[in-house]
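Below is one structure, written out as structure tokens; the observations come after it.
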Amino acid sequence: MKEVYEVRMHGRAGQGAKSGSQLLAEAAFKEGKYIQSFPEYGSERRGAPTVSYTKIAEKVLKSHEPIVTPDVVMVLDFGIMRSILVAAGLPDTGILIVNTKVCSTEIKKLAQFNGTLYGVDATGISLELLGMDTPNVPMLGALVKLTGIVKMESLEYVLREHFLPKIGEEKVQKNISMLRRGYEEVFK
Amino acid sequence: MPTLQEIALKTTGADARIVSGHRMCSGCGIGSIVKTVLAASDKPVVVVSATGCLEVVTTIYPFTAWNTPWMHLTFENAASVASGIEAAYKVLKRRGKIDEEVNILAVGGDGGTYDIGFQALSGALERRHKFMYLVYDNEGYMNTGNQRSGATPFGANTTTVPAGKVSFGKPQWRKNLVEIAAAHRISYVAQAAVNNTMDLYKKAQKGFSADGPAVLAVLQPCPSNWSFDSSLTIQYSKLAVETNFWPLYEIENGIVHINTKPSNRKPIEDFLKGQTRFRHLFRPGNEHVIVEMQKMIDDEWARLLKLEESGIQF
Amino acid sequence: MGVRKAITGAQAAAEAMRQINPDVVVAYPITPQTPIVEEFAKYVADGIVDTEMVPVESEHSAMSATVGAETAGARAMSATSSQGLALMWEVVAATPGLRLPIVMSLVNRALSAPINIHCDHSDVMGVTTVGWIQIFSENAQEVYENTLLAIRVAEDNRVQLPVMVNQDGFITSHAVEPVEIFDDALVQKFVGVRSLDRALLDVEHAKSVGPLVLPDYYFEFKRAQEEAMSKVFEVYHEVGTELSAITGKQYPFFETYRIDDAKAVVVVLNSAAGTAKAAVDAMRAQGKKVGLLKPILFRPFPYAEVREALKDIPVIGVLDRSMDFGACAPVYSEFRNALWELERRPAMQSYIYGLGGRDIMTTEIEAVFEELLSGKLDPEHQRYIGLRG
Amino acid sequence: MTERRTWQELELGVELPAATSLGYKTGGWRVLRPIFNASECTHCMICVSYCPDMAIPIAKSEEGVAGKGGRLFKGVVRLATNLDYCKGCGICAHECPSKAISMVREEEAEQASCKL
């Protein structure tokens, strides 16, 4: 593993980029890693573009700078790629995961990315299971499948820990299903 | 009285005083409220915004959605800033430095009005500056994520007074800003809601043409923090009126007039349902909160009817 | 030549405001600023000025409405003291960023707690970092002239920043002294009228003032604000030269008094500088070579000029009328900063005096000079003048 | 992604010329897209008056446009939604008394329009 593994999530306020990056960090923390998770604070409105960062390392993270050369970029909203260069700083060896039904060349063109593109219909999964568009959880499942950066059990654990008091057991189960579906259904 | 078509012409296109490209949440009605109020002025409007949702989303440098003179200073002083603008307007006219007639509009959310801006508002009303104060009331500090304000209703779950094992949320009823404003003996105070465009427009017209200051309080259901689907903003506003949670009325030269009297008052549950901030009220053990809320709404409504009937000057 | 009147410092500020006849004055009364507001309100009531005066409900609203009026296009003024300044702090801090050339009288008074209505500089020293130009006045005459000067410096296109004109509470504001008031017509020609170039009420050119600025631009705005501050020196000099044509006085960044061959110099602001001059005279009469430096323009601070003026002085005592608890006193800090670059740095001693209106006597300043000349200094600690225990 | 100005290039004070937000396209925020069915529209202006994003353009039409029931509607008429600014909140669709607007997933709408 790289000294610091860096994941950048692009989404829209309300889609859960911030909580997604936090869940990922906490799962890694549970596995004994050093972590940082922080969003870029603007004046987020439901629907406005947001970006959130997760750093995972084997040693103490001292720097508080944002991620400029990520290992993975996750795009929670297809449309965001029209206004933001999501793959900025992502090397061709890096991983781009987009919430989409199909991996078209159009997406690679929009993202200006030459490496391997992965897709997962996270909106579809979340609408189907939860009836709401919260793509962050299925996207995390896809990330685990592709990188193994954290274990599924760790993510399931922190999901439960976070959401049980807020949304109850039934919805926690649905979120875990969403996570697994994302893991299973990610495609090239 | 203009038609919806004529209002539409004033709120859309090149002459509109607030334009597209603002970053309000999807489904936020503040845009509809502000464009309608601005359209109701027959003179150019100079606007001062308190810090809050409207200010933040309309002017993220280098973008501004305002197509009319606009300024922002801080959170609690929109009414004082308007006082200064009005003083400048009077003296610059008197001294022949400017000749155009204008209306002055101060806008704040409920935090900037009921709470931190309350003293400035009261001072400006007492001094009789000629301006209209518009409060878009989304019943809490929604710009920063649902903290309690003096306008938050009884029973609501907020982040600073959360519902919990021993709390049902906010234990106090909101303050009555309309009556407090009217107690300054100003000539026009009104309560409106985003769902009734014509009513809102008429009230804004009256406010702009009032002799002295006017206050217009408009309910603005917040899709993000009341947590309902963004398409339902107008529906929740309608329900607030139909349950008498938010009556549409005005106090003109001290005389109370109720604009809409729901023929079949809906139960308050109809308004509460589907809003995350009231979800806990439907759990066992909290039944009394809804009962109490209903009683308060009914009592207030009865009181308002009596005020209207009496014809006594407020 | 003007007319000599026996008036207080507060009245002198009001006299300047009468001649300026600003478009708008917004103020809330607070001891010891109140007589400025009262005096000016009387001018309004008698039709001597046709200013729009707004008697607001608090100092926070005073500065808010002043900013509203100034943004609208008016020339707007205000006045306050101590707790009033503290209450309006938020808006005071917002004003320079909007580049609004507001001129405000500040009648210096101690800050609570404990509550105290008398003079010290703890009010003004709490706002020296927010971007207002700060001018200090030794007496009523200087209050009057500095107020006129301030209007023109503030509104100059190279500057467009607010100015506080300071005077000592009670000592200056309430003491009657002879003040020469210059010809109305000449003064009015000098102050002119404020341009409407940036007026919000110019509805033909609608603009948005005071938007939200995120990390992508905020820093640049602050750098531009600093640039405006750096232009103050040349503008102050030019405007001062113009005012000299009316008054016959000079308008330096600071005043030096008998320092040419001085072996020890005291630095002190406002009214105590007058007392220090009397002490210098008494010491000089005894053949002791001492002098005074009285800062006038404190923000921006004229570091280079101060360094040049003090480069040959072996011992300097700086007298502060406020403290920076747990750190060096504010005026002392600036002079230490200014003199750091010197090859032969002087010995320096920090003194605190006069808090909460404690009197400062000529004899006490003479004792300071004796101490400085004796070389018995303690640079690690500040000393206290007139303190028991 | 426009070039950002240096501090020397900023305007005096923190001031902006009017209506610059027209250069900020909020249409990209949409998850759902309103599909306007002109043949069901009565041009009542309810959607226009509610639209919080001023994203429904209108025009004065003397010759009139065909709307609900094949009727010709003259005067102020609504045009197709301006997708540059529409955030897809769905208020128009929900409030339309004639059900002339439906909301579809943006990605599907885009693919459908590509096929067309």
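So that the names make sense, note that chain A is the first sequence line, chain B the second, and so on, each numbered from 1.
The interface of residues 13-32 of chain D with chain A, defined by heavy-atom distances below 4.5 Å, comprises D:Y24, D:G28, D:W29, D:V31.
Checked against ring pair (Phe, Tyr, Trp, His ring centres under 6.0 Å), D:H43 has the following partners two or more places apart in sequence or in another chain: D:F73.
The neighbour count for A:F187 CZ, taken as heavy atoms of other residues, nucleotides or ligands under 6.0 Å away, is above 12. When the shell of 6.0 Å around CD of A:E169 is examined, it contains more than 12 heavy atoms from other residues, nucleotides or ligands. Within 6.0 Å of atom OH in A:Y34, 12 or fewer heavy atoms from other residues, nucleotides or ligands are found, so the atom counts as exposed in its surroundings.
The CZ atom of D:R105 lies 7.0 Å from the CG atom of A:D133; values are rounded to the nearest 0.5 Å.
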